[in-house]
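Written out below as structure tokens is the structure these notes cover.
The chains referred to below are lettered A, B, ... by the order of the sequence lines, with proteins before strands, and numbering in each begins at 1. Quick caveat: nothing in here was measured; it's all calculated off a predicted structure.
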2 protein chains.
Amino acid sequence: MVKSNVAEIASIISESSRAAILTVLMDGRFHTASELASMAGIKPQTASFHLSKMQEAGIIAQQKQGRHRYYGIVNNEVANVMESLLFLAPPVKISSLKQSTQDKAIRYARTCYDHLAGKAGVTVTDALLKAGYLKDEQETFLVTERGISFFNELGIDLEKTGKKRRSFSMRCLDWSERRHHLAGSLGNALLERFIELGWMLRVPQNRAVKITEEGITGFMRTFGIDLSLEEER
Amino acid sequence: MVKSNVAEIASIISESSRAAILTVLMDGRFHTASELASMAGIKPQTASFHLSKMQEAGIIAQQKQGRHRYYGIVNNEVANVMESLLFLAPPVKISSLKQSTQDKAIRYARTCYDHLAGKAGVTVTDALLKAGYLKDEQETFLVTERGISFFNELGIDLEKTGKKRRSFSMRCLDWSERRHHLAGSLGNALLERFIELGWMLRVPQNRAVKITEEGITGFMRTFGIDLSLEEER
DNA sequence: GGAATTCTTCGATGTTCATCGAAGTATGGA
DNA sequence: TCCATACTTCGATGAACATCGAAGAATTCC
């Protein structure tokens, strides 16, 4: 006689709301609990119940960030199961909720606590990684030798910012881009410096950040990136 | 919003008895309903319920044979799902039911209706395929040109056996070996000839067939196969 | 510090579903 | 023709579980 854990895993996926959530998570990104709730067409309490159940089963992971909790698929084995299931029985798209176009600005550039987030934040972080000023490492970003001189040239005093390289440069999960960007004290120092340089302006009402004309040319010259709104459709 | 058929498939597998059945079927062979019932530790009615449910869902196939019904996994996509699940959550073997050693003889060589079955039947069929006398085709075996002369040499009149090549040579699913063997009028003619040659003896009480000394040397010489009981542990 | 938000736990409700006894169908063997 | 075997359908029982309202925790923002 054979008893299987297979049934337990399948049982998790067998509930339609959970299957919907996992299907959404197959994009490889992390999503908030409330977003997953609305996508699955259930109330937040119900989603919370399902999410904790899946977490307990070890097939999804949670990442807390302020009052948000981001959920994502935990590893490749789980993704494989979903992939084979999706191949055998592809899901049916019922409808697409009307795109809210209101909050483009806040998705594009905003503050996250004390650092830059949104598409701008991710783009800047990517540029820093690509140029070799930062190195992706486990849970943090590490500043390279070349990075040290770069930040000094930019006018950021790394000595003052933090004692240890490893501790001041942290990764932060972006809710709109669903990717990591630079946080921690270095992220904060960078944002402050951008504002100091006149490249960015804080928008009083909300957490959005406006990129100035000087900023567009500055980011282009210094990072080689185009932060004009054109590319955002 | 996304609705998924994924959940439906997962729901099928999520039930422990069904998962156990599917895990057994992952050996790629066909098993009888009652055997699957005992392996899953449930009553035949319950197994019947689950089997028809899985068949309806299109993940297992049924093959009727006399009063037996053989069930097996329907295609590779289903096997992939099970494989990824088994990888993520391997099953636990609880116990091994005591091997019934009583019926070795009947498993080894017996008549199935009017032809040879059991290990001997499958082995002979394999040899015929390997030698290129038969060709595996859809639901039947096809006699090749070389096969025609071979059977004639063996003393089987193919003209008398059947009118059409395709119709007289059928495949039969073996309950002990769980593989196909040669049935139909050609299978019958072959069995009769083996008995005629003194290679085999019918056992009166049951359907078992005894292979004689002449048979062992005969099968070795003609088919290149060893049907002495040694190889059966 | 207070309001708003994000997400959680708790408890009650209602539905779905596996299980097995009993009875029915089909097949093989004597 | 009759019995044994293999498997099915039917019907009743009981247990598991998704759902959501209400209320509670944690965090951000002003």
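- Closest approach to the A:Lys43 side chain among C:dA18, D:dG21, D:dT8 is made by D:dG21 (side chain taken as heavy atoms from C-beta onward).
- For B:Ile21 and D:dC7, the CD1 to C1' distance is 13 Å, given to the nearest whole Å.
- Taking atom CD1 on B:Ile12 and atom C1' on C:dA18, their separation rounds to 13 Å, with Å as the unit.
- Distances shown here put every side-chain N or O of A:Thr32 at or beyond 4.0 Å from the OP1 or OP2 atom of C:dT6.
- Looking only at side-chain heavy atoms (C-beta outward), A:Ile21 and A:His31 stay at 4.5 Å or farther from each other.
- Rounded to an integer number of Å, the gap from A:Gln55 CD to C:dT9 P is 10 Å.
- Taking atom CD of residue B:Glu15 and atom P of nucleotide C:dT16, one finds them 18 Å apart after rounding to whole Å.
- Nearest heavy-atom pair across B:Val6 and A:Ala19 is CG1-CB, 4.4 Å.
- Distances from the side chain of A:Ala33 to the nucleotides D:dC20, D:dT8, C:dT8 place C:dT8 closest.
- The CD-P distance, from B:Glu56 to D:dT8, rounds to 13 Å in whole Å.
- The CG atom of A:Leu36 sits 10 Å away from the P atom of C:dT8 (whole-angstrom rounding).
- For B:Gln45, taking side-chain heavy atoms from C-beta onward, the closest of the listed nucleotides D:dT8, D:dC7, D:dA18 is D:dT8.
- Classification of B:Glu196 and B:Arg193 as a salt-bridged pair holds, one side-chain N sitting under 4.0 Å from a carboxylate O.
- Checking the phosphate oxygens (OP1, OP2) of D:dA26, no side-chain nitrogen or oxygen of A:His68 falls inside 4.0 Å.
- Checking the phosphate oxygens (OP1, OP2) of C:dT6, no side-chain nitrogen or oxygen of A:Tyr71 falls inside 4.0 Å.
- Residues B:Leu22 and B:Ile60 are in side-chain contact: their nearest non-hydrogen atoms beyond the backbone lie under 4.5 Å apart.
- The shortest heavy-atom contact between B:Ala33 and B:Ala47 is O-CB, 4.3 Å.
- Atom pair B:His31:NE2 and D:dA6:P shows a separation of 17 Å (rounding to whole Å applied).
- Listed candidates were C:dT8, D:dA18, C:dT19. Nearest to the side chain of A:Lys53 is D:dA18.
- Contact check, B:Arg18 against C:dA18: a side-chain N or O comes under 4.0 Å of OP1 or OP2.
- OP1 or OP2 of C:dT19 has not a single side-chain nitrogen or oxygen of B:Thr46 nearer than 4.0 Å.
- Within the structure, a side-chain polar atom (N or O) of B:Lys64 is placed less than 4.0 Å from OP1 or OP2 of C:dT27.
- For the pair A:His50 NE2 and C:dT8 P, the computed distance is 12 Å after rounding to whole Å.
- Set against D:dA18, C:dT6, D:dG21, the side chain of A:Phe49 has D:dA18 as its closest nucleotide.
- A sub-4.0 Å separation between OP1 or OP2 of D:dC7 and a side-chain N or O of B:Ser34 is present.
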